[in-house]
Trainee: 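Pasting a structure below so you can have a look.
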Amino acid sequence: KQLVSTPIAVTYAVLVESLHSLIALIFATPPDQAMTIITLIIIPMIIINAIGMGIFSMMMHNLLGEWKTRKEKMLLETEIAKKDAEMQIAAKIQQSFLPDVLPEMSGFKMAAKSCPAKEVGGDFFDVIPFQVIPLSQSSLGIMIADVSGKGIPAALFMALSRIVVRVVAGWFGEPAQTISYANTIIEGNSKIFEFPSMMV
């Protein structure tokens, strides 16, 4: 169910043509002309057919190779397009983690923007409330962090770190304790990541 190699195709052509020639020689009349037939007709015919079969086989192999390469290229392009779409979705999800609007604070003007080097990365910022239920004067923490590395591993580590710091901030309500305890939790869960360090 597959095309044989060129040497096998040539050998097969030689054997088939030799069989035809042998049958022709058996019925050749008169028998003394057999040698003349072999010299003038059979040998050139076998050589020509073998060359023709070799050329045809090489053309077919080249054509099949081109089809295979084209198919692999199409599959690769489809896979790349799929990965690109997934990365764009991941980038949108990561951007949604960042605050759209920074809160107004008396005496301060704040602005922030994140421009990752790749579609996704480990840089992020956040404004974290230190009370689960805000009181009359709520405390806010501004966090700017950089996960070492780039790409998906850094983005996953960034998502983990952001969630942990936000949750812990609601427990302690104080920056130093929040970062210290969050660091312990993050460190305990960073073994599966390729880039397990973060600078806050």
Side-chain angles (χ1 to χ4, degrees), residues 1-6 57-105 108-132 134 138-172 175 178-200:
K1 295 183 179 180
Q2 62 182 20
L3 192 64
V4 297
S5 64
T6 300
S57 178
M58 285 190 292
M59 288 173 60
M60 289 301 297
H61 279 291
N62 288 339
L63 187 59
L64 289 175
E66 185 178 340
W67 285 344
K68 183 179 178 182
T69 301
R70 190 177 300 173
K71 184 178 179 181
E72 290 174 350
K73 182 182 177 183
M74 289 177 62
L75 289 173
L76 183 60
E77 287 175 349
T78 302
E79 188 66 24
I80 290 173
K82 183 180 176 182
K83 294 290 184 186
D84 287 343
E86 290 175 352
M87 288 296 286
Q88 288 176 6
I89 292 171
K92 289 180 180 178
I93 292 172
Q94 188 179 36
Q95 285 295 320
S96 71
F97 291 158
L98 304 177
D100 293 327
V101 179
L102 297 179
E104 294 183 5
M105 298 181 69
F108 293 94
K109 288 185 178 180
M110 296 187 296
K113 184 177 181 180
S114 176
C115 299
K118 294 186 176 181
E119 289 86 349
V120 292
D123 301 336
F124 71 104
F125 63 90
D126 201 1
V127 178
I128 302 170
F130 281 104
Q131 290 89 8
V132 177
S138 61
S139 298
L140 294 175
I142 299 173
M143 181 170 67
I144 301 172
D146 180 17
V147 179
S148 63
K150 293 178 176 63
I152 295 294
L156 290 172
F157 195 80
M158 166 265 193
L160 167 70
S161 303
R162 177 183 180 272
I163 293 168
V164 170
V165 173
R166 269 188 163 268
V167 171
V168 173
W171 297 345
F172 291 102
T178 296
I179 294 301
S180 176
Y181 194 75
N183 183 65
T184 303
I185 297 174
I186 293 169
E187 185 180 3
N189 289 274
S190 65
K191 296 176 183 177
I192 61 171
F193 290 95
E194 184 180 351
F195 306 107
S197 61
M198 179 179 69
M199 181 175 64
V200 179

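Along the sequence shown, residues are numbered consecutively beginning with 1.
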Trainee: What's the separation between atom CG in D126 and atom CG in L102, rounded to the nearest 0.5 Å?
Mentor: 9.5 Å
Trainee: Looking at every heavy atom in both I128 and V165, which two are closest together, and how far apart are they?
Mentor: CD1-CG1, 3.4 Å
Trainee: Using 0.5 Å steps for rounding, measure from the CG atom of L160 to the CZ atom of R162.
Mentor: 12.0 Å
Trainee: Taking atom CD of Q88 and atom CD of E86, what is their separation to the nearest 0.5 Å?
Mentor: 11.0 Å
Trainee: Are there over 12 heavy-atom neighbours, none belonging to Y181, within less than 6.0 Å of that residue's OH?
Mentor: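 No - once you tally the heavy atoms of other residues, nucleotides and ligands closer than 6.0 Å, there are 12 at most.
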Trainee: Rounded to the nearest 0.5 Å, what separation is found between the CE atom of M74 and the NZ atom of K71?
Mentor: 9.5 Å
Trainee: Surrounding CE of M110 (heavy atoms of other residues, nucleotides or ligands, distance under 6.0 Å), is the total greater than 12?
Mentor: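 Correct, the count exceeds 12.
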Trainee: Are the side chain of R166 and the backbone of V127 linked by a donor-acceptor contact shorter than 3.5 Å?
Mentor: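 Looks like yes, one N/O pair under 3.5 Å.
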Trainee: Rounded to the nearest 0.5 Å, what separates atom CD in E77 from atom CG in D84?
Mentor: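 Interatomic distance, E77 CD to D84 CG, rounded to 0.5 Å: 11.5 Å.
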Trainee: Which atoms form the tightest heavy-atom contact between S57 and T6, and what is the distance?
Mentor: OG-OG1, 3.0 Å
Trainee: Can you name the closest pair of heavy atoms from T178 and F172 and give their distance?
Mentor: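 Closest pair (atom of T178, atom of F172, distance): OG1-CB, 3.9 Å.
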Trainee: Under 6.0 Å between ring centres, would you say that holds for F97 and F124?
Mentor: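 No: the rings miss the under 6.0 Å criterion.
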Trainee: Please check this pair: side chain of N62 against backbone of M58, looking for a donor-acceptor N/O pair closer than 3.5 Å.
Mentor: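 Yes; judged by distance alone, with no hydrogens or angles, the pair exists.
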Trainee: What distance do M87 atom CE and K83 atom NZ have between them, rounded to the nearest 0.5 Å?
Mentor: 10.0 Å
